[in-house]
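In this chain, residues are counted from 1 in sequence order. One-based numbering, in listed order, for ligands and for the atoms of each.
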Amino acid sequence: MSSKHRIVLKVGSSTLCDGTTIHTDQMNALATLIKDLRQYYDVILVSSGAVAIGHTKLCINKNTLQNKQALASIGQPLLIESYRKSFESHQIHIAQLLLAGHDFDSRKSTDFARGTIDALLANNVLPIINENDAIAISEIVFGDNDRLSAYIAYYFGAKLLIILSDIDGYFDKNPHQYDDAKILSLVNHIPQQTLEAQHTPHGQFATGGIVTKLMAADFLLQKGSAMFLSHAHKLHIVRDLLLEHKQTSGTLFCPKDSQGLKGIWNL
Ligand code: ADP
């Protein structure tokens with residue numbers, strides 16, 4: 001196995017598409033970031049966006065489950081084709097894996113999937129993972145891959161999950177409702193009552209809001225891993241964190257004894 005640290009980067013639907021057009025500039029910026037990160041890290045990308053991209057081709061009611069699944073089936077090849085174009089200019093080969101949360105219930109499936117990931121990374125190929133929405137519905141209904149990406153990080157041996165969202169990080173209260181909300185730059189523990197709060201998605205293709213991100217962070221904290229939540233339109237913050245080892249914004253969720261990002265890799 002490579003000596004590079006493994007990281008998982010998750011990007012949400014709202015970043016990639018508004019249901020009418022695919023945000024190719026954003027995809028290209030992400031591809032450039034990943035190209036730079038791959039010099040030092042083995043990167044796995046988890047990407048939502050299939051339903052929203054499917055909606056650019058077939059304008060059906062996206063509020064019924066079956067239609068959502070149909071839109072995901074239409075959008076998934078288009079999502080991957082857009083990524084293929086964005087990564088082609090960096091000579092990065094991509095691969096697609098469609099997984100569901102319950103795949104990790106079986107040790108056999110987890111081992112097979114991990115074997116595939118290991119082989120792809122060993123050959124310098126970028127794995128791009130999405131939920132298999134034709135047969136699994138948890139993330140399409142609630143979460144937009146937030147929790148799936150935490151399972152992926154843990155079961156595939158990554159110490160850090162980076163969630164790129166439409167918000168700068170985790171605030172002490174909803175910043176869309178309160179002007180005086182303050183960003184929390186370091187979080188070691190998430191209280192149970194916070195995890196049970198109502199979900200608060202922002203935008204027409206968002207499904208989770210902050211709660212599914214906190215659930216993902218809580219899962220990783222319990223396993224001794226870490227998560228970083230940052231704005232998808234401010235990719236320089238991820239660069240600062242991972243290439244300059246400076247936290248200039250965003251929220252780092254890490255275990256108390258890790259002493260911040262530096263210690264994460266040694267946990
Ligand atoms: P994405 O589609 O990028 O995954 P979501 O819309 O699902 O993002 O979740 C992020 C949203 O969660 C924010 O835009 C905000 O409206 C909402 N939110 C509620 N409470 C908080 C909080 N305490 N800190 C940050 N965001 C919050």
Side-chain angles (χ1 to χ4, degrees), residues 8-23 25-27 29-30 33 45-55 62-63 68 71-72 75 79 101 128-131 133 138-153 161-221 227-235 237-238 247 249-253:
V8 174
L9 204 69
K10 183 254 161 175
V11 61
S13 303
S14 55
T15 306
L16 301 172
C17 185
D18 54 17
T20 320
T21 44
I22 303 178
H23 301 153
D25 288 357
Q26 192 57 37
M27 261 189 184
L30 197 62
L33 170 73
L45 177 62
V46 176
S47 178
S48 319
V51 176
I53 290 178
H55 200 256
K62 59 180 165 41
N63 295 321
K68 259 192 188 176
L71 288 170
L79 173 71
I128 304 182
I129 306 178
N130 196 359
E131 185 183 51
D133 287 326
S138 11
E139 300 289 330
I140 203 175
V141 172
F142 178 54
D144 202 32
N145 284 338
D146 288 334
R147 288 164 305 169
L148 184 69
S149 59
Y151 298 152
I152 288 166
L161 164 66
I162 297 152
I163 292 195
L164 297 173
S165 182
D166 65 348
I167 195 91
D168 284 329
Y170 176 42
F171 289 72
D172 58 354
K173 46 196 156 185
N174 188 344
H176 286 120
Q177 283 171 2
Y178 299 93
D179 289 343
D180 63 342
K182 285 186 189 58
I183 192 165
L184 304 168
S185 55
L186 191 67
V187 174
N188 300 130
H189 170 74
I190 302 160
Q192 192 55 34
Q193 78 215 50
T194 310
L195 292 169
E196 287 161 6
Q198 242 191 339
H199 68 285
T200 50
H202 184 68
Q204 58 162 338
F205 288 98
T207 54
I210 201 67
V211 173
T212 48
K213 290 165 186 64
L214 296 177
M215 286 172 169
D218 181 60
F219 174 83
L220 290 172
L221 287 176
M227 187 180 113
F228 185 60
L229 177 62
S230 183
H231 205 300
H233 293 158
K234 302 178 186 172
L235 296 179
I237 291 159
V238 176
Q247 188 184 349
S249 180
T251 302
L252 183 63
F253 298 87

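Checking only distances, G12 never comes within under 3.5 Å of ligand 1, N or O to N or O. Residue-to-ligand polar distances keep D172 apart from ligand 1: every N/O pair is separated by 3.5 Å or more. On a distance-only criterion, K213 and ligand 1 share at least one N/O pair closer than 3.5 Å. Where the criterion is an N or O separation shorter than 3.5 Å, residue side chain and backbone included, F171 meets it with respect to ligand 1. Where the criterion is an N or O separation shorter than 3.5 Å, residue side chain and backbone included, S14 meets it with respect to ligand 1.
By heavy-atom distance, the residue among D146, D166, I210, D144 lying nearest atom 13 (C) of ligand 1 is D166.
Donor-acceptor pairing under 3.5 Å is lacking for the side chains of D168 and S249. Side-chain contact of D166 with S14: a donor-acceptor pair under 3.5 Å is absent, judged by distance alone.
Counting atoms of ligand 1 from 1 in the listed order, those under 4.0 Å from a heavy atom of Y170 are 23 (N), 24 (N). Here is the list of ligand 1 atoms found below 4.0 Å of a heavy atom in H176: 13 (C), 14 (O), 15 (C), 16 (O). Ligand 1 places these atoms under 4.0 Å from at least one heavy atom of G169: 24 (N), 25 (C).
Taking 4.5 Å as the limit, some side-chain heavy atom of L235 sits within range of a side-chain heavy atom of L164. Counting heavy atoms from C-beta outward, L229 and S165 have side chains that approach closer than 4.5 Å. Residues V187 and Y170 have side chains in contact (heavy-atom distance under 4.5 Å, counting atoms from C-beta outward). Side chains of I190 and M215 form no contact here, defined as non-hydrogen atoms less than 4.5 Å apart.
Residue-ligand proximity: A181 is placed with every non-hydrogen atom at 4.0 Å or more from ligand 1. Assignment of S13 to the shell around ligand 1 is not supported, since no heavy atom sits closer than 4.0 Å.
Atom OH of Y151 is surrounded by 12 or fewer heavy atoms from other residues, nucleotides or ligands within 6.0 Å.
Nearest heavy-atom pair across K68 and I140 is NZ-O, 3.3 Å.
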